[in-house]
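The figures here come from the full heavy-atom set of this structure, side chains too, leaving out hydrogens, waters and symmetry mates. We name chains A, B, ... by the order of the sequence lines, and we start the count at 1 in each one.
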Amino acid sequence: MSLKIYNTLSGAKEDFVPLKKGEVRMYVCGVTVYDRCHVGHARALLTFDVIYRHLIFLGYRVLFVRNFTDLDDKIIQRAREEGTSAEAIADRYIQEFNQDCAALGLVTPDHEPKATDHIREMIDVICRLEEKGLAYRVNGDVFFSVDRFAGYGKLSRRKLEELQAGARVEIDERKRHLMDFALWKQSKPGEPSWESPWGKGRPGWHIECSAMSTKYLGQPFDIHGGGRDLVFPHHENEIAQSEGAFGVMFARCWIHNGFVNINQEKMSKSLGNVYTINEVLNRYDAAVLRHYILTSHYRSPLDFSDQGLAEAEKCVERIYETVDRLDRLPQPNGRVKPGGGLLEEYCREMDDDFNTPRAIALMFEEIRALNRMLDEGKTEGLISRRAALKTVAESLGLLQEEPNKFFGKRKAEWLRRQGLSSESIEQLICRRDRARSEKQWQEADRIRAELKEKGIILEDTPGGTVWKVK
RNA sequence: GGCGGCGUACCCAAGUGGUUAAGGGAGAGGUCUGCAAAACCUCGAUGCGGCGGUUCGAAUCCGCCCGCCGCCUCCA
């Protein structure tokens, strides 16, 4: 049993063997901080969060780096529009990003380098490229010379001729080859700029990831990830720069997540169909969004919809309900060894290119089995199976809090919106219980209907009446 | 124009050569319950966009066709 990962570089699932035994070095392209993050970002973040969690589950030490692109045309433009500095824009959206990540329950990378903190390193890489004849200057700009790098196109499986034939890029006459790209740009007035061997300017987009990944992870390193859209040109160019500069392989395994669509269309600002993470999390628990995203395989396109979110919410409630039931069983002292076979099956599915839909299916099969045991009062093996279920749910990041807290949050939020107090509800429940004990069913049902009007559902359990939100 | 992907039940979504095509949601029937709710049980695609082909055997491989999408330009 071993981990297999689909490697964009080879176009096939491969056995994953890290460079150093027991240790994985992973770099994931982060965000350009010029606006709020949307569910597309959430998918990328969650995909690599789960990949990270599975690597940890397998017992690897993981060194995880995710960058911030805080230097970019869009940031500069935004700053101009708002009459502020690029730095202020970047800072604001880094903060927003950190809030989103915390709300999503993501693990924190070991390093989150910012491009602007690594100008020196980028300049060093560009100098190396110049020395090797892979870069050339035009006035204050420096370009990478794609046809001097033999492997250009190997990640996106494109040939330079094909790119040339179909390119719709604006032709920059100063470039030797149409696909040459900027390593360093001469700064225009009012733009952020740094001193360099080529005069005042700023780095091109791709060079930051080459410089920062190598700084924190060395070269080569094990996993490089990001959204599908980054395959070309971003990652292709990173490879060209890094392998060109250092003469050794850059990243060994490339992982790319699929896109989020809205009604079969790409989510984009121009189409006006963007859901921000914040908007979704105002309406649903983070586990709901996570569950929704993980029920599709990470490489498939995912169609985002309100109906999908609502369904995911029911699934997540089911998980928490079951864990809640299980948690009422005795809690033995000391560690319980997870049992029942779930862990092995879970591992097998996740080892197959992170098949989270299958992993979730297994979890629900176990949930059904455990609920049945609880219904029938069978307890043999239940404690260890509970431990296994929780381990799996935690490893997927779907179970990050106690059921009480999960349901409590929803109740509190509902009460706040409805302007109700929990006391008033408890009171009604008390009255109903009294009516029930006196077999005044009409009165009891009237109170239940009254609460239902307010979106509150009652459950009469052997341990008393509990209430839930809708 | 080049490259790549997708089309599985009412909806979402696994499965990529071999017993009865996962799982979830919705729906129907049932158990439990004063009645409910939750949970559990049962049912649900003789068929995997269409047509051919390869094979003892295909949702799964090949060809063609139809429909949809992405990348080639900033983009998760």
Please work out which residues in residues 355-368 of chain A have a non-hydrogen atom less than 4.0 Å from an atom of RNA chain B and list them by number.
A/Asn355, A/Pro357, A/Arg358, A/Ala361, A/Phe364, A/Glu365, A/Arg368
Taking atom P in both B/G7 and B/U60, compute the distance separating them and give it to the nearest angstrom.
11 Å
At less than 3.5 Å, do the side-chain atoms of A/Asp375 and the base atoms of B/C32 form a donor-acceptor pair?
no
Could you work out which one of B/A37, B/A39, B/G34 sits closest to the side chain of A/Trp441?
B/G34
Would you measure the distance from the C1' atom in B/A26 across to the matching atom in B/G70 and give it in whole Å?
31 Å
Counting only heavy atoms from other residues, nucleotides and ligands, does the tally under 6.0 Å from CD of A/Glu402 exceed 12?
no
Tell me whether the rings of A/Trp254 and A/His256 are parallel (<30°), tilted (30 to 60°) or perpendicular (>60°).
parallel
Going by purine N1 to pyrimidine N3 plus the second Watson-Crick contact, or the G-U wobble pair, all under 3.5 Å, which nucleotide sits opposite B/C71?
B/G2
Taken to the nearest whole Å, CZ/A/Arg434 to C1'/B/G34 is 19 Å
A/Glu317 CD to B/A37 P, straight-line distance once rounded to whole Å
16 Å
Of the candidates B/A36, B/C72, B/C11, the side chain of A/Gln307 sits closest to B/C11
Would you say whether A/Phe259 stacks on B/G70? The test is a distance between ring centres of less than 5.5 Å and an angle between planes of less than 30°.
no
Proximal nucleotide (of B/C12, B/G34, B/C40) relative to the A/Tyr292 side chain:
B/C12
Is the A/Phe181 to A/Phe143 ring centre distance short of 6.0 Å?
no
Report the base-pairing partner of B/C43 (Watson-Crick or G-U wobble, both distances below 3.5 angstrom), or none.
B/G27
Testing A/Asn355, A/Leu46, A/Ile255 one by one against A/Tyr298 for a side chain to side chain contact (heavy atoms under 4.5 Å, CB included), which residue passes?
A/Ile255
From the set B/C35, B/C71, B/C40, return the single nucleotide nearest to any side-chain atom of A/Arg372.
B/C40
Base B/G70 to side chain A/Asp229, donor-acceptor N/O within 3.5 Å cut-off
no
How many Å lie between CZ on A/Phe232 and P on B/A76, as a whole number?
17 Å
